[in-house]
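Just passing along the structure, written as structure tokens.
Nothing here was measured: the structure is a model prediction, and the numbers come from that model. Atoms considered below: every heavy atom in the structure, side chains included; atoms not considered: hydrogens, waters and symmetry mates.
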Amino acid sequence: MNRVDRAKQFLPFDALKGLHEELEAREEKMSRVPRHSLSEERMEELSTVLAHIYKGSQIQMTFYRAGHYYDLRGTVVNINVIYRYIQIGEEKIHFDDIYSLSLVDD
């Protein structure tokens, strides 16, 4: 028996199928945070920055989705004012989910 095969016999196994996935799902639910409400001033600042963003702009943003805040930095692929979303790569973020937004100078 070679070393790799010998080592495999000592690897832990999942005695309770799905336990690991269930624990991860519960941890995700427990780490959720409520959405912060934005002040009128903050909404006006976001609106001003959104007005200066165009396709190809480099931006840094924080947005809310499914109980969590995420930071994203990248190049704007599309900005749709009618449907109120901005697309960075494959990620579409609705204007209402944006918490902070700034243009990045390279």
**Request:** Please name all residues satisfying side chain to side chain donor-acceptor pair (under 3.5 Å) with His94, sequence neighbours left out, ordered by chain then number.
**Result:**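 So His94 forms no side chain to side chain donor-acceptor pair (under 3.5 Å) with any residue.
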**Those residues that, when tested against Phe95, pass ring pair (Phe, Tyr, Trp, His ring centres under 6.0 Å) (two or more places apart)** =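 Applying ring pair (Phe, Tyr, Trp, His ring centres under 6.0 Å) to Phe95 gives none.
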**Prompt:** Between atom CG of Leu101 and atom CD1 of Ile93, what is the distance when rounded to the nearest 0.5 Å?
**Reply:**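 One finds 9.5 Å between CG of Leu101 and CD1 of Ile93.
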**Prompt:** Can you tell me how far CD of Glu91 sits from CZ of Arg65, rounded to the nearest 0.5 angstrom?
**Reply:**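 Reported to 0.5 Å precision, the distance equals 4.0 Å.
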**Item:** Set of side chain to side chain donor-acceptor pair (under 3.5 Å) partners for Ser102, sequence neighbours left out
**Value:**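 Checked Ser102 against side chain to side chain donor-acceptor pair (under 3.5 Å); zero matches.
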**Asked** In terms of hydrophobic clusters joined by side-chain contacts under 4.5 Å, are Val33 and Leu38 together?
**Response**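 The answer is yes; both residues are in one hydrophobic cluster.
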**Non-neighbouring partners of Ser57 that pass side chain to side chain donor-acceptor pair (under 3.5 Å), sequence neighbours left out** =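 For Ser57, no residue satisfies side chain to side chain donor-acceptor pair (under 3.5 Å) once neighbours in sequence are set aside.
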Kindly list each side-chain donor-acceptor pair under 3.5 angstrom involving residues 40-51, sequence neighbours excluded, with atom names and distances?
from	atom 1	to	atom 2	distance (Å)
Glu41	OE1	Ser39	OG	3.4
Arg42	NH1	Tyr99	O	3.0
Thr48	OG1	Glu44	O	2.9

**Asked** Is His52 atom NE2 crowded by more than 12 heavy atoms from other residues, nucleotides or ligands, each under 6.0 Å away?
**Response**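 Result for NE2/His52: open.
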**Asked** Can you tell me how far the CG atom of Asp71 sits from the OG1 atom of Thr62, to the nearest 0.5 Å?
**Response**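 Reported to 0.5 Å precision, the distance equals 4.0 Å.
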**Message:** Could you work out, with side chain to side chain donor-acceptor pair (under 3.5 Å) as the rule, every residue matching Glu24, not counting sequence neighbours?
**Reply:**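 Applying side chain to side chain donor-acceptor pair (under 3.5 Å) to Glu24 gives His20.
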**Item:** Any residue meeting side-chain contact (heavy atoms from CB on, under 4.5 Å) with Glu22, in chain and number order, not counting sequence neighbours
**Value:**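 For Glu22 the side-chain contact (heavy atoms from CB on, under 4.5 Å) partners, ignoring immediate neighbours, are Arg26.
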Would you give me the side-chain donor-acceptor pairs under 3.5 Å for residues 76-86, sequence neighbours excluded?
from	atom 1	to	atom 2	distance (Å)
Asn78	ND2	Tyr85	OH	3.4
Asn80	OD1	Ile82	N	3.0
Asn80	OD1	Tyr83	N	2.9
Arg84	NH2	Asp96	OD1	3.0

**Message:** Can you list everything that forms a side-chain contact (heavy atoms from CB on, under 4.5 Å) with Arg35? Sequence neighbours excluded, please.
**Reply:**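 If we apply the side-chain contact (heavy atoms from CB on, under 4.5 Å) test to Arg35, skipping adjacent residues, the hits are Tyr64, Tyr69, Asp97.
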